[in-house]
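Worksheet: one structure, shown below.
Predicted model only: the values in this text are computed from it and were never measured.
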Amino acid sequence: MAPKICLLQILAFISIYFPLSSSIQFDFPAIFNFGDSNSDTGELIAAGIESLQPPHGQSYFGGPSGRYCDGRLIIDFLMDAMDLPFLNAYLDSVGLPSFRKGCNFAAAGSKILPATADSVSPFSIGVQVAQFLRFKSRVLELQSKGKKYDKYIPDEDFFEKGLYMFDIGQNDLAGGFYSKTFDQVVGLIPIILAEFEAGIKTLHDQGARNFWIHNTGPLGCLAQNVAKFGTDPSKLDDQGCVRAHNEAAKLFNLQLHALCKKLQGQYTDSNITYVDIFKIKSNLIANYSRYGFEQPIMACCGYGGPPLNYDNRIACGKTKDLNGTSVTAKACRDSSEYVNWDGIHYTEAANQYVASQILTGKYSDPPFSDKMPFLLKLKF
């Protein structure tokens with residue numbers, strides 16, 4: 001009973017001691033995004049750390065686009081709703097990319113905490129913020145040279161008027177379970193969030209005033225985690241998800257929410273919006289058939305067949321020799337029937353559902369449902 005009492009006390013503390021913030025206004029000249037593979041539009045691939053092959057990107061881009069998905073990500077749908085172009089990755093310099101409407105610093109595999117020798121990505125939140133500082137400095141330098149770069153870079157006031165989006169923390173938790181106990185993973189949450197808060201402070205000091213923060217989703221419902229940590233049925237919940245991973249995500253989200261409320265009171269000159277992605281995704285997985293899906297956990301693109309179609313030895317689109325046989329992790333016939341794309345990431349169809357729920361405004365603190373649909377130009 002102790003953990004439940006603790007959660008109730010934290011919730012009461014949030015509601016009593018931190019003031020309400022004003023609703024966010026969806027009229028931004030630019031977006032600056034920070035995160036992991038949930039919103040990476042090509043950063044890790046541009047860095048040359050990994051590569052993607054078909055069938056990635058098949059549902060929308062016609063081929064790999066740097067996204068770990070068959071098509072668009074949540075951020076792509078949100079950009080579309082705000083009538084803004086898809087964000088280019090900070091490191092993607094080929095093809096004269098325009099950063100006029102913002103820049104994406106998110107990189108797959110990234111954590112909030114600094115990277116270690118065994119990290120997939122070196123681009124922790126601290127590094128991504130440092131990249132932003134370099135980006136801003138370079139933009140201001142180019143602006144001083146005249147108007148010839150205007151169509152490629154943001155105006156100076158875009159850095160104050162723009163929206164700063166965050167979707168990161170999943171890898172800090174999920175990665176921790178490979179070497180730590182549940183208590184050890186949960187014990188790291190205050191340290192993780194202190195690092196996140198430092199990043200927010202740096203950006204605020206640089207003039208950022210609009211912050212959009214996603215919490216983390218139900219990690220225990222990803223096929224990758226079910227395959228590794230769910231072999232004992234007693235460790236799974238009624239949905240077939242790993243209970244410990246989801247409990248850790250809930251505790252992380254509770255403390256992240258408390259941090260956002262603290263920041264709302266501390267930065268009274270700013271809009272700070274907390275978005276409950278966990279609730280949206282959990283509802284999708286629990287009621288998948290209601291929303292037109294047939295598979296809530298099994299990967300569309302993978303190897304091994306039901307119930308998970310996931311093998312950690314071979315990633316989506318890759319071909320490997322397993323036990324003397326050459327095998328390829330192929331895509332399912334219709335990815336729109338699946339919530340999960342490759343065992344770790346969601347399909348375009350699932351991302352579209354999540355984005356549509358975000359845009360109702362009712363999963364945000366503060367909510368913005370009174371602003372809908374007048375300031376958003378929905379195209380999906």
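Side-chain contact between Ile31 and Met165 is present, with at least one heavy-atom pair separated by less than 4.5 Å. With a 4.5 Å cut-off on side-chain heavy atoms, Lys151 and Arg100 do not count as touching. Pro29 has its side chain out of reach of Asp155: every pair of non-hydrogen atoms, C-beta onward, lies at least 4.5 Å apart. Gln266 has its side chain within reach of Glu197: a pair of non-hydrogen atoms, C-beta onward, lies under 4.5 Å apart. By the 4.5 Å heavy-atom criterion applied to side chains, Lys330 and Pro55 are not counted as neighbours. Contact check for Thr273 versus Ile213: no side-chain heavy atoms found under the 4.5 Å cut-off. A heavy-atom distance below 4.5 Å is found between the side chains of Leu251 and Ile189. Side-chain contact between Leu203 and Phe211 is present, with heavy atoms from C-beta onward closer than 4.5 Å.
Among all heavy-atom pairs drawn from Ile285 and Cys221, the shortest one is CD1-CB, 3.4 Å. Closest approach of Asp92 and Pro97 over heavy atoms only: O-CG, 3.1 Å. Nearest heavy-atom pair across Val339 and Ala350 is O-CB, 3.4 Å. Between Ser39 and Asp167, the closest heavy-atom pair is OG-CB, 4.3 Å. What you find for Gln255 and Pro190 is that their closest heavy atoms are OE1-CG, 3.7 Å. Taking both residues in full, the closest heavy atoms of Leu359 and Ala81 are given as CD1-CB, 3.6 Å, listed atom of the first, atom of the second, then distance.
A perpendicular orientation is assigned to the rings of Trp341 and His56, their planes being inclined by more than 60° (bins at 30° and 60°). Between Phe229 and His245, the ring planes are tilted. Angles from 30° to 60° get that label. Classification of the Phe135-Phe159 ring pair by plane angle, with boundaries at 30° and 60°, yields perpendicular. Between Phe61 and Phe86, the two ring planes are perpendicular [angle over 60°; tilted spans 30° to 60°].
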* Asked: Taking it one step at a time, do His345 and Leu73 satisfy side-chain contact (heavy atoms from CB on, under 4.5 Å)?
  -> CA-CA 10 Å; His345 310 98; Leu73 306 177; over 6 Å; no
* To do: Decide yes or no on side-chain contact (heavy atoms from CB on, under 4.5 Å) for Phe34 and Ile200, but give the supporting numbers first.
  => CA-CA 11 Å; Phe34 306 81; Ile200 296 291; over 6 Å; no
* Given Thr41 and Asn104, is the side chain to side chain donor-acceptor pair (under 3.5 Å) satisfied, shown in steps? -> CA-CA 7 Å; Thr41 55; Asn104 194 357; 2.9 Å; yes
* Take Gln295 and Asn340 through the side chain to side chain donor-acceptor pair (under 3.5 Å) test and state the conclusion after the steps. => CA-CA 8 Å; Gln295 295 292 342; Asn340 197 289; over 6 Å; no
* **side chain to side chain donor-acceptor pair (under 3.5 Å) between Lys318 and Ser51, worked out** => CA-CA 10 Å; Lys318 304 287 187 180; Ser51 62; 3.3 Å; yes
* To do: Apply the test side chain to side chain donor-acceptor pair (under 3.5 Å) to residues Ser234 and Asp232: give CA-CA distance (whole Å), side-chain angles for both, the deciding distance (0.1 Å), then the verdict.
  => CA-CA 5 Å; Ser234 68; Asp232 180 354; 2.9 Å; yes
* Take Arg67 and Asp40 through the test salt bridge (Lys or Arg N to Asp or Glu O under 4.0 Å) and record every step on the way to the result. => CA-CA 6 Å; Arg67 295 160 173 79; Asp40 181 0; over 6 Å; no
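The closest donor-acceptor contact from the side chain of Ser282 to the backbone of Lys279 lies at 3.5 Å or more, if one exists at all. Between the side chain of Asn171 and the backbone N or O of Ser110, at least one donor-acceptor pair lies under 3.5 Å. One N or O on the side chain of Arg243 and one on the backbone of Leu236 form a donor-acceptor pair closer than 3.5 Å. The closest donor-acceptor contact from the side chain of Ser137 to the backbone of Arg134 lies at 3.5 Å or more, if one exists at all. In this structure, Asn215 contributes its side chain and Ile277 its backbone to a donor-acceptor pair below 3.5 Å. For Lys320 (side chain) and Arg313 (main-chain N/O), a donor-acceptor pair under 3.5 Å exists by modelled atom type. Within the 3.5 Å criterion, the main-chain N or O of Leu91 finds a donor-acceptor partner in the side chain of Glu43. With Thr347 contributing its side chain and Tyr338 its backbone, the two residues share a donor-acceptor pair below 3.5 Å. For the pair Ser144 (side chain) and Glu141 (backbone), a donor-acceptor distance under 3.5 Å is present. Of the possible polar contacts, one joining the Asp237 side chain to the Cys241 backbone as a donor-acceptor pair under 3.5 Å is found.
Note: the hydrophobic cluster containing Phe278 does not contain Val226 (ILVMFWY, side chain heavy atoms under 4.5 Å, direct or indirect links).
Rounding to the nearest 0.5 Å gives a distance of 6.0 Å between CD of Gln264 and CD1 of Ile272. Atom CZ of Phe99 is separated from atom OG of Ser93 by 8.0 Å, given to the nearest 0.5 angstrom. Note that CG of Leu84 and CG of Asp76 are 12.0 Å apart. Values are rounded to the nearest 0.5 Å. For the atom pair CG (Leu193) and CG (Leu188), the distance works out to 10.5 Å, reported to the nearest 0.5 Å. In this structure, CD1 in Ile49 is found 4.5 Å from CG in Leu44, a value given to the nearest 0.5 Å. Atom CD1 of Ile125 sits about 11.0 Å away from atom CG of Leu113, to the nearest 0.5 Å.
For the pair Lys161 and Phe28, the cation does not sit on the ring face, since its NZ or CZ is not both under 6.0 Å from the ring centre and inside 45° of the axis.
Remark: Glu156 CD is loosely packed, at most 12 non-hydrogen atoms of other residues, nucleotides or ligands lying under 6.0 Å away.
Using a 4.0 Å cut-off between charged side-chain N and carboxylate O, Asp36 and Lys111 make no salt bridge. Between Glu348 and Arg72 there is a salt bridge, with a side-chain nitrogen of the basic residue lying less than 4.0 Å from a carboxylate oxygen of the acidic one.
Here the rule is ring pair (Phe, Tyr, Trp, His ring centres under 6.0 Å) with Phe368, and of Trp212, Tyr363, Tyr274 only Trp212 fits it. Checked against Phe132 for a ring pair (Phe, Tyr, Trp, His ring centres under 6.0 Å), the options Phe123, Tyr164, Tyr90 give a single hit: Tyr164.
Side-chain contact of Ser335 with Asp70: a donor-acceptor pair under 3.5 Å is present, judged by distance alone. Using a 3.5 Å distance cut-off with no hydrogens or angles, the side chains of Asp276 and His214 do not pair a donor with an acceptor. For the 3.5 Å distance criterion, the side chains of Tyr68 and Glu50 qualify, holding a donor opposite an acceptor. Residues Thr325 and Asn323 have side chains that never bring a donor and an acceptor to within less than 3.5 angstrom of each other. Donor-acceptor pairing under 3.5 Å is recorded for the side chains of Asp118 and Thr116.
Cysteine sulfur proximity is not satisfied for Cys301 and Cys332, their SG distance being 2.5 angstrom or more.
For Cys103, there are no disulfide (SG to SG under 2.5 Å) partners, not counting sequence neighbours.
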